[in-house]
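Keep in mind that this is a model prediction, so the values were computed, not measured. Indexing begins at 1, ligand by ligand and atom by atom, following the structure's order.
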Amino acid sequence: MASQPDSTVPYTPSLTKKVLIFLFKGVNKLIAWHKLPTYIGVLNLAAYRYELRQHNLHDVYPSPEYQGTSESDPIPPEFAHTRNSDGLYNNVNQPKMGCVGMRFGRNVSREHTKKPSEEELLSPNPRVVSEVLLKRDTFKPATILNLLAAAWIQFQVHDWFMHTNSTTEKYNVKLPTNDTWSDPQMQVEATQPDTPLDGTNKTSPAYKNENTHWWDGSQIYGSSEVRTKQLRGLAKNGKLEVDDQGYVTFLPRDENGIPQTGFSSNWWLGLEMLHTLFVLEHNAICSELAQANPSWPSEKIFDTARLVNCALMAKIHTTEWTPAILAHPAIEVALNGNWWGVLGEKLYKLLGRVAPGESLSGIPGSGAEQHGAPFSLTEEFVSVYRLHSLIPDNIAFFQAATGAHKKTYPVRGVAFGEARAPLEEQGLDFADVLYSFGINYPGAVTLNNTPDFLRDLHTPEGRHIDMGTIDILRDRERGVPRYNAFRTLFHMPRATSFLSLTGGNAAVASKLEAVYDGDVDKVDLLVGCLCEPLPKGFGFSDTAFRVFILMASRRLKSDRFIATDWNEETYGSVGMRWVQGNGMRDVLVRHFPVLEESLKGSKNPFAPWGKIGKSKEYEGEETNA
Ligand code: HEM
């Protein structure tokens, strides 16, 4: 186990990197990165990343001691080579870094993250923004993706973060005249701020993460050691407990029907399916490890299988999901480069690592670095994942083997307690559900495409909420800068008018102008991102993408188990082969071989799959655009 550089060591780009940043600033005045030839575009993205690492990582703790030290929190021997469910000990020198309950960091300095006054928080009225700009008018599908892509990102988000709502403080959102909201008033719980640790916290509050910040599969394994033990239950050989009902394997349920998994809020069939799939994958890895290492105790099998499963999910996300939603040649090279290096997978597999750094041979094994701030996810990172418009109104369900259409359900009908309805009522199994998700479209990430299901959401905890209103309110409440300020702080030019923001779309510009009272600087981050013209092949905005350039690779680069301990000693030779030799397609086909045929019709498992048999005859908008 190698020791890591202290997060307080400032990140200073080398002279070459500074020159690259300077050069591309000039180039980008004339031409955007995504219009450059592929490999020059990749270099441009690298320059952005150097600049962002230098200016856009901000700790929100008053001092580094809050991250713990190797003296105050020494690593117990059992966690020297494996993940701890609470997220402790990933960083050897600062063992609390990224653990559950640590605060979200910031990508912009604290003076730009002030808590708004009530007037600033509520204007323009977030419910009006939701009604006029977010409410879905007609279903606009994202035709480059399938519905699995929507479920996947929520599944991942539940690994990474969740804020806590206050049990005492609420905001009253004024309902406009003639509003159709069915309650007399709209109240939204405030986010619970962490106890202030210094004066800055009083003006710019900080918020804790309910999950670990690491990419550690906590949505499956839980965010505490106690929870992980419960989920393993009595299962042998390092496996997680499942409820095998013969025709289908489910996650176990508690006496109230709540799925027993690491994170079960906001549940629907998409999550049921992916949680089950990656629990099955964990158990398959365990079987393989046990067979190859008959002397390993259950604990070692579990620990190694979790490392492998987490790395596999990180790889799928990096090299498959992200290039599916950002289908641009430079992104494909850059993201594969994050994993394999710019020399590519083939050369990596032939030669192994040819250089120590991240560029030529990828981030895994390149050595962990914190770039001047302790690792944590950030408020801005949460904001750009507000992708609720991915959720469609309805899902059409088919049999995987024949393509026969069984039933089309509203999403509401497969959510929370109803999540398993198509399996229980239509006799479908997970292969059928996965196939159906493979050919249904998600919603496009664009204006007026947030479904009524989420804008009029009744949760099992008794909340009645409009996610459109909440998405706007939360960013403002947490001091995330509005669109133009955000762009400036991410080194992008601000929109000088509504028309320039919308890329010349006069109808959208005038709608924005009316809601934002003629002030383009008031446009909310989410709204701006939904309106700006997209680079070719992009499923979301270039503005949101700037956060990903920095944070997507940071999640890998900061993590000891990916960047430093990337070796057979930690993963076992079987484990290393499993991660490097598999992708989403392999996972799907391993557990549901019938899907192979449909997957053949698709270049990327998160893009629409080939339609089988009778499903070609289905005429609904869910699968046809
Ligand atoms: C059935 C589908 C979904 C339901 C029922 C759902 C529901 C919710 C709820 C109730 C919240 C918390 C609201 C609050 O702040 O009080 C939330 C937050 C959030 N959701 Fe969703 N959601 C769904 C799908 C998605 C999808 C597809 C994404 C895409 C990434 C997503 C991303 C987020 C994010 C980023 C947050 C903020 C989390 C935080 O504040 O820490 N959700 N969602």
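Nearest to atom 21 (Fe) of ligand 1, among the N, O or S atoms that His388 has, is NE2.
At a threshold of 4.0 Å, the pair Arg253-Asp243 does not count as salt-bridged, since none of the basic side-chain nitrogens sits closer than that to a carboxylate oxygen.
The closest approach between Gln156 and ligand 1 stays at or above 4.0 Å for every heavy atom of the residue. The shell of residues lying under 4.0 angstrom from ligand 1, judged by heavy atoms, excludes Ala415.
Remark: ligand 1 atoms within the under-4.0 Å shell around heavy atoms of Leu387 are 29 (C). Ligand-side atoms of ligand 1 in range of Leu454: 3 (C), 4 (C), 5 (C), range being under 4.0 angstrom from any heavy atom.
Between Arg463 and ligand 1, an N or O atom pair is found at a separation short of 3.5 Å. Ligand 1 has a nitrogen or oxygen under 3.5 angstrom from a nitrogen or oxygen of Asn165.
For Ile465, every heavy-atom contact with ligand 1 shorter than 4.0 Å involves the side chain, none the backbone. Contact annotation for Tyr385 and ligand 1: heavy atoms of both the backbone and the side chain come within less than 4.0 Å of the ligand. Within the 4.0 Å heavy-atom criterion, neither part of Leu390 lies near ligand 1. Neither the backbone nor the side chain of Thr191 comes within contact range of ligand 1; no heavy atom lies under 4.0 Å.
Of the listed residues (Met467, Arg474, Arg478), the one carrying the non-hydrogen atom nearest atom 17 (C) of ligand 1 is Met467. Around atom 6 (C) of ligand 1, the closest heavy atom drawn from Asn266, Asp471, Leu271 belongs to Asn266.
Within the cation-pi definition used here (under 6.0 Å to the ring centroid, within 45° of the axis), Arg554 does not qualify as a partner of Phe375.
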